[in-house]
**Student:** 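Below is one structure. I have some questions about it.
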Amino acid sequence: MTVAQVPPRFDGLRALFINCTLKRSPELTHTQGLVDRSAGVMRGRGVEVDQFRAVDHDIATGVWPDMTEHGWASDEWPQLFQRVLDADILVLAGPIWLGDNSSVLKRVVERLYGCSHLLNDAGQYAYYGRTGGCLFTGNEDGVKHCAMNVLYSLQHLGYTVPPQADAGWIGEAGPGPSYLDEGSGGPDNDFTNRNTTFMTYNLMHIAALLRQAGGVPAYGNQRSEWAAGCHFGFDNPDYR
């Protein structure tokens with residue numbers, strides 16, 4: 001490391017990791033091993049880190065902010081959603097099953113989607129000004145497929161997705177050791193460690209830039225203004 005490469009600090013930023021494992025606490029989850037690597041880098045650079053396992057909570061199925069208003073007896077998502085809003089950085093993490101994201105992760109994305117119509121103080125969609133990334137572990141192929149789905153979803157909802165905002169580890173195809181199992185080589189895999197580190201710093205860098213800029217500039221993307229009739233120079237041929 002040269003003198004010019006002084007590690008930056010990101011004090012004041014907050015990150016939330018949602019582990020979408022299928023295993024309830026305190027059962028060991030290999031995904032948590034990769035989450036811990038990324039979260040450790042963030043803490044070392046001054047980021048306040050929050051995290052939870054989605055499966056530990058009563059998250060109802062649906063695409064509304066509070067599913068108790070739509071027939072469900074209980075729903076913890078409204079309380080968990082406040083932790084999402086409190087975070088500058090969101091990392092969705094999970095296992096790979098049948099080459100795809102876990103059912104738990106898909107439910108979390110659906111609930112994020114259910115709140116995406118909400119607006120921030122600038123009249124933009126609620127997730128504007130935040131960064132998003134993802135982490136995966138498994139024993140089969142599927143890291144890129146899972147990341148493609150999650151990163152598309154996050155940017156569509158309003159998150160800013162930095163360069164190389166995904167990382168993962170997969171062992172040999174078929175039955176075999178998982179990430180934290182003895183002899184897996186997972187925690188020592190240079191490719192995974194490099195990508196996890198790059199993802200983590202890119203999330204922090206872009207989150208810091210957005211914080212310094214006051215978020216995404218609020219012009220041409222305010223749903224409240226569009227609804228009020230301000231179309232930001234968009235010419236509608238029907239009115240010509």
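Side chains included, hydrogens not; waters and symmetry mates left out as well; all remaining heavy atoms used.
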**Student:** Mind checking whether Y179 and W169 have parallel, tilted or perpendicular rings, split at 30° and 60°?
**Tutor:** perpendicular

**Student:** Do you know which of D100, T61, N149 makes side-chain hydrogen bond (donor to acceptor under 3.5 Å, both in side chains) with K106?
**Tutor:**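 By the side-chain hydrogen bond (donor to acceptor under 3.5 Å, both in side chains) criterion, K106 pairs with just one of D100, T61, N149: D100.
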
**Student:** In terms of heavy-atom contacts, does CD of Q79 have more than 12 from other residues, nucleotides or ligands at under 6.0 Å?
**Tutor:** yes

**Student:** If you count the non-hydrogen atoms of other residues, nucleotides and ligands that lie under 6.0 Å from CZ in F52, is the total more than 12?
**Tutor:**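 Yes, because the 6.0 Å sphere around CZ of F52 holds more than 12 heavy atoms from other groups.
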
**Student:** Does one side chain, of D66 or T68, offer a donor that lies under 3.5 Å from an acceptor on the other?
**Tutor:**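 Result is yes, a qualifying pair exists.
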
**Student:** For D141, I'd like to know if atom CG has over 12 heavy atoms of other residues, nucleotides or ligands within 6.0 Å.
**Tutor:**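 It does not: D141 CG has 12 such atoms or fewer within range.
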
**Student:** Could you check whether any side-chain N or O of R107 sits under 3.5 Å from a backbone N or O of A60, counting only pairs where one atom can act as donor and the other as acceptor?
**Tutor:** no

**Student:** Would you check if the distance from the ring center of H117 to the ring center of Y125 is below 6.0 Å?
**Tutor:**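 No: the rings miss the under 6.0 Å criterion.
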
**Student:** Does a salt bridge link R83 with D50, judged by any charged N lying under 4.0 Å from a carboxylate O?
**Tutor:**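 So R83 pairs with D50 through a salt bridge.
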
**Student:** With a 6.0 Å cut-off (strictly less than), is the heavy-atom count around CG of D121, excluding the residue itself, greater than 12?
**Tutor:**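 Incorrect, the count does not exceed 12.
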
**Student:** Can you list, by chain and residue number, the hydrophobic cluster partners of F191 when the side-chain cut-off is 4.5 Å?
**Tutor:**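 Same cluster as F191: nobody, lone residue.
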
**Student:** May I ask you to decide if D58's main-chain N or O and E76's side chain share a donor-acceptor pair within less than 3.5 Å?
**Tutor:**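 Yes; at least one donor-acceptor contact below 3.5 Å.
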
**Student:** Quick check: are there more than 12 heavy atoms from other residues, nucleotides or ligands sitting under 6.0 Å from CZ of R24?
**Tutor:**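 Check fails, neighbour count at 12 or below.
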
**Student:** So, T200 and S38: side-chain donor and acceptor under 3.5 Å apart, yes or no?
**Tutor:**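 Yes, side-chain donor-acceptor contact under 3.5 Å.
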
**Student:** State, yes or no, whether a side-chain contact exists between R53 and V104 at a heavy-atom distance under 4.5 Å.
**Tutor:**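 With C-beta onward as the side chain, the pair stays apart.
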
**Student:** Kindly indicate whether the side chain of V35, heavy atoms from C-beta on, has any atom under 4.5 Å from the side chain of Q51.
**Tutor:** yes

**Student:** Describe, in one word, how the ring planes of H205 and Y201 are oriented to each other, choosing from parallel (under 30°), tilted (30 to 60°) and perpendicular (over 60°).
**Tutor:** tilted

**Student:** Using distance only, find each side-chain donor-acceptor pair of residues 157-168 under 3.5 Å and give its atom names and separation, not counting sequence neighbours.
**Tutor:**
none

**Student:** Assess whether a salt bridge exists between D86 and R130, defined as any Lys/Arg side-chain N lying under 4.0 Å from an Asp/Glu carboxylate O.
**Tutor:** no

**Student:** Under a 4.5 Å cut-off applied to non-hydrogen side-chain atoms, are I89 and M204 in contact?
**Tutor:**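 Of all side-chain heavy-atom pairs linking M204 with I89, at least one is under 4.5 Å.
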
